[in-house]
There are 2 protein chains.
Amino acid sequence: MPPTTLDDVAAAARVSRSTASRVVRGTGPVSDAARRAVLAAVEELGYVPHPGARSLASGRGERVVVAVGSPSAELLGDPYVARVVAAASRAADTQGVGVALRWLGRDPRDELARLARDPGVGGVLLVDYSAEVLASVPRELVARVAAIGPADGRVPSYDVDAAAGITALVEHVLADGRRDVVMLTGPGWLPGARRAVEAYEAVVRAAGVPRRVVAADLTSLAGAQAAREARRRWPGVDALVAMSDTLAVGAMCALAEDGVRVPDDVAVTGFDDQPFAEHSGPGLTTATHPVERIAAAATAALLDRRRRDDQRTFPSVVVRRTSA
Amino acid sequence: MPPTTLDDVAAAARVSRSTASRVVRGTGPVSDAARRAVLAAVEELGYVPHPGARSLASGRGERVVVAVGSPSAELLGDPYVARVVAAASRAADTQGVGVALRWLGRDPRDELARLARDPGVGGVLLVDYSAEVLASVPRELVARVAAIGPADGRVPSYDVDAAAGITALVEHVLADGRRDVVMLTGPGWLPGARRAVEAYEAVVRAAGVPRRVVAADLTSLAGAQAAREARRRWPGVDALVAMSDTLAVGAMCALAEDGVRVPDDVAVTGFDDQPFAEHSGPGLTTATHPVERIAAAATAALLDRRRRDDQRTFPSVVVRRTSA
DNA sequence: CACGAGTGTGGGAACGCTTCCACCGAGCCC
DNA sequence: GGGCTCGGTGGAAGCGTTCCCACACTCGTG
């Protein structure tokens with residue numbers, strides 16, 4: 001059985017192809033009755049627009065670009081980014097659309113402008129970006145962009161409720177009797193890093209324990225170094241709250257090297273609930289980050305401009321293992 | 001200036017569109033003169049076929065699927081896979097083609113059959129597969145598949161010369177005076193793992209030192225466990241040759257935890273020359289793995305069926321740092 | 001020297017969609 | 001009430017390919 005075309009839909013809804021097209025794209029004036037009829041037909045026939053035909057007729061493309069906005073290309077290989085790519089790819093697949101993975105490079109403004117001009121780009125998923133990157137999204141591109149992470153209101157944002165996760169984690173170690181809690185955060189350019197710190201600060205302030213923060217790149221190596229720095233600066237530290245599992249695993253490795261027991265001497269928590277968190281030396285206590293759901297929602301919104309919410313937050317829950 | 005179309009090419013080459021199409025696709029009978037003229041015109045005008053039009057007319061799609069064939073989905077987040085995706089994406093980009101990332105799942109035969117049927121896939125890049133996966137590529141799909149790694153002759157293979165790299169690495173540690181060299185290899189299902197062991201075996205046999213092999217999954221955690229197992233079984237071990245940087249980094253972490261000095265007590269080498277190898281505690285001595293070039297070549301061959309070599313091997317050279 | 005069997009070539013109809021244009025009625029103003 | 005505009009609609013022309021078919025040729029063959 002050949003796949004359903006727009007003509008099939010139009011026929012089923014008893015309207016012209018033009019009207020059906022207008023409804024599907026969500027543009028132009030259409031009466032309510034017609035819209036309902038077409039939508040019903042789409043649903044019933046399981047119509048999916050042919051991306052090739054679409055791009056041919058419109059001159060525009062459909063590809064979803066996962067754009068990594070970090071200053072270095074290293075994060076291209078990050079498991080977090082890989083999860084985003086995999087989820088975006090799966091979501092795009094249902095529409096017959098492909099994905100591209102791109103690093104915005106040293107000059108994000110330039111690359112974004114190029115993306116805006118490229119007619120082959122149907123949507124851009126922004127990952128690991130700085131506030132500057134966010135601000136330099138060209139106006140023409142805003143309608144085709146979704147940020148995976150916190151945004152500024154101009155660009156639609158799909159994000160985990162990291163504040164809730166971090167808060168719960170910090171409260172968890174405090175409840176455990178820890179009093180010298182160091183936050184291992186990400187690099188300064190990452191909005192998510194600042195936000196994690198804020199959540200942390202609110203909790204420690206309320207609890208009346210000191211505020212201690214170390215920033216590090218989002219690699220396990222940097223996590224190891226950060227853990228050492230933390231212990232050097234505050235020898236009494238009894239808990240490490242990291243903003244990512246990668247950081248936390250690196251920290252645990254360094255602690256082990258230095259003969260510090262986890263969680264007996266120092267509790268460690270991560271964030272993201274990556275697959276490897278479960279299998280790390282002492283199972284890593286962390287908070288979930290439904291990357292797949294987030295990326296899938298963002299991709300779906302990008303591909304179907306009819307319904308795009310400008311902001312969505314996804315819950316994060318604590319996963320308790322043995323490291324804290 | 002509007003992009004060049006096949007008609008432009010045909011006009012420039014003074015042939016019909018049909019003939020130009022035949023040349024570009026590399027099918028059907030065409031005279032040498034016509035072929036040369038068309039190819040010249042393509043070159044001069046910088047013609048790139050419109051993927052949308054192509055997929056519309058042919059009913060087939062163009063997407064390149066990066067298919068991960070590992071028994072667990074974990075390797076989807078592997079930096080190695082990420083590099084493949086990034087390179088494939090870049091290569092596909094030049095043709096206006098998108099990429100999809102897919103795990104073949106618990107039942108690869110099934111998923112491969114689905115890919116073969118899916119008219120939307122233009123090519124499949126196989127990564128991290130077992131011999132069984134390779135064998136279960138349906139005949140119809142073989143023409144659209146390229147394996148990144150060793151293959152069986154049925155499926156075209158684009159691979160690093162791992163034997164040369166491993167050999168050079170083992171010889172390097174032997175030249176350094178090490179006599180108790182343990183190979184940390186990958187899981188048994190991975191053809192590359194067997195091949196690495198064979199290269200290792202040839203060298204140790206020739207050198208008259210004992211053969212010692214530990215297999216592990218390709219994660220840093222598994223690397224750590226493997227290193228511990230190696231030291232338990234052979235307390236005199238003075239060198240660890242790992243088949244991947246990830247494994248090696250994990251091993252170094254475990255050694256440090258256990259108070260073993262690298263490279264003084266035990267030399268460690270990796271394979272892949274991942275970005276993080278340079279920055280690991282003691283800089284990791286490793287061998288290059290030009291993943292980007294390999295993936296790019298494979299993708300290009302997939303997208304342009306005119307010139308597809310059935311087998312290509314890329315050189316690997318030792319990068320000497322401090323760990324060995 | 002007519003005959004099929006190749007080879008090389010061009011014409012033209014799809015492919016499924018977007019988009020421009022023309023149309024029709026209903027409401028509004030002067 | 002004749003002109004508007006304006007929401008709503010359908011018709012039809014492409015978009016750049018592929019692919020099928022028909023048409024020339026040029027051979028070897030009977």
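These figures come from a predicted structure and were not determined experimentally. The sequence lines fix the lettering, A, B, ..., with proteins before strands; numbering per chain opens at 1.
With hydrogens and angles ignored, the 3.5 Å screen pairs a side-chain donor or acceptor of A/D118 with a backbone N or O of A/G120. The backbone N or O of A/R60 lies less than 3.5 Å from a partner atom in the side chain of A/S58, making a donor-acceptor pair.
Protein atom CZ of B/R14 is 15 Å distant from nucleotide atom P of C/dT9, rounded to whole Å. Atom P of nucleotide D/dC15 and atom CG of B/D8 are separated by 11 Å, given to the nearest angstrom.
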Protein N or O to nucleotides 5-7 of chain D N or O, pairs below 3.5 Å:
none

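The CZ atom of A/R144 sits 14.0 Å away from atom CG of A/L125, with the distance rounded to the nearest 0.5 Å. We find the CH2-CD distance between B/W103 and B/E111 to be 10.0 Å, quoted to the nearest 0.5 Å. To the nearest 0.5 Å, atoms OG (B/S157) and CD (B/Q311) are separated by 4.5 Å.
Taking the screw axis at each terminus of the helix from C/dG4-D/dC27 to C/dC30-D/dG1 from five consecutive base pairs, the angle between the two is 50° to within rounding of 10 degrees.
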A/R154 and A/L134: CA distance, side-chain angles, deciding distance, side chain to side chain contact (heavy atoms under 4.5 Å, CB included) verdict: CA-CA 9 Å; A/R154 202 170 71 102; A/L134 220 50; over 6 Å; no

Ring pair (Phe, Tyr, Trp, His ring centres under 6.0 Å) between A/F314 and A/H289, worked out: CA-CA 8 Å; A/F314 297 74; A/H289 189 165; 9.3 Å; no

CA sep, side-chain torsions, deciding dist, call: A/T19, A/S16, side-chain hydrogen bond (donor to acceptor under 3.5 Å, both in side chains): CA-CA 5 Å; A/T19 302; A/S16 72; 3.3 Å; yes

Worked verdict on A/R63 versus B/D93 for salt bridge (charged side-chain N to carboxylate O under 4.0 Å, His left out): CA-CA 10 Å; A/R63 260 171 311 151; B/D93 238 33; 2.6 Å; yes

Protein proximity profile, nucleotides 14-23 of chain C - base contact B, sugar-phosphate-only contact S, no contact -, cut-off 4.0 Å on heavy atoms: -BBBBB----

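Screening B/V160, B/T313, B/L190, B/D159 for a side chain to side chain contact (heavy atoms under 4.5 Å, CB included) with B/P150, the sole residue that qualifies is B/D159.
Residue B/S31 places none of its side-chain N or O atoms closer than 4.0 Å to OP1 or OP2 of C/dG8.
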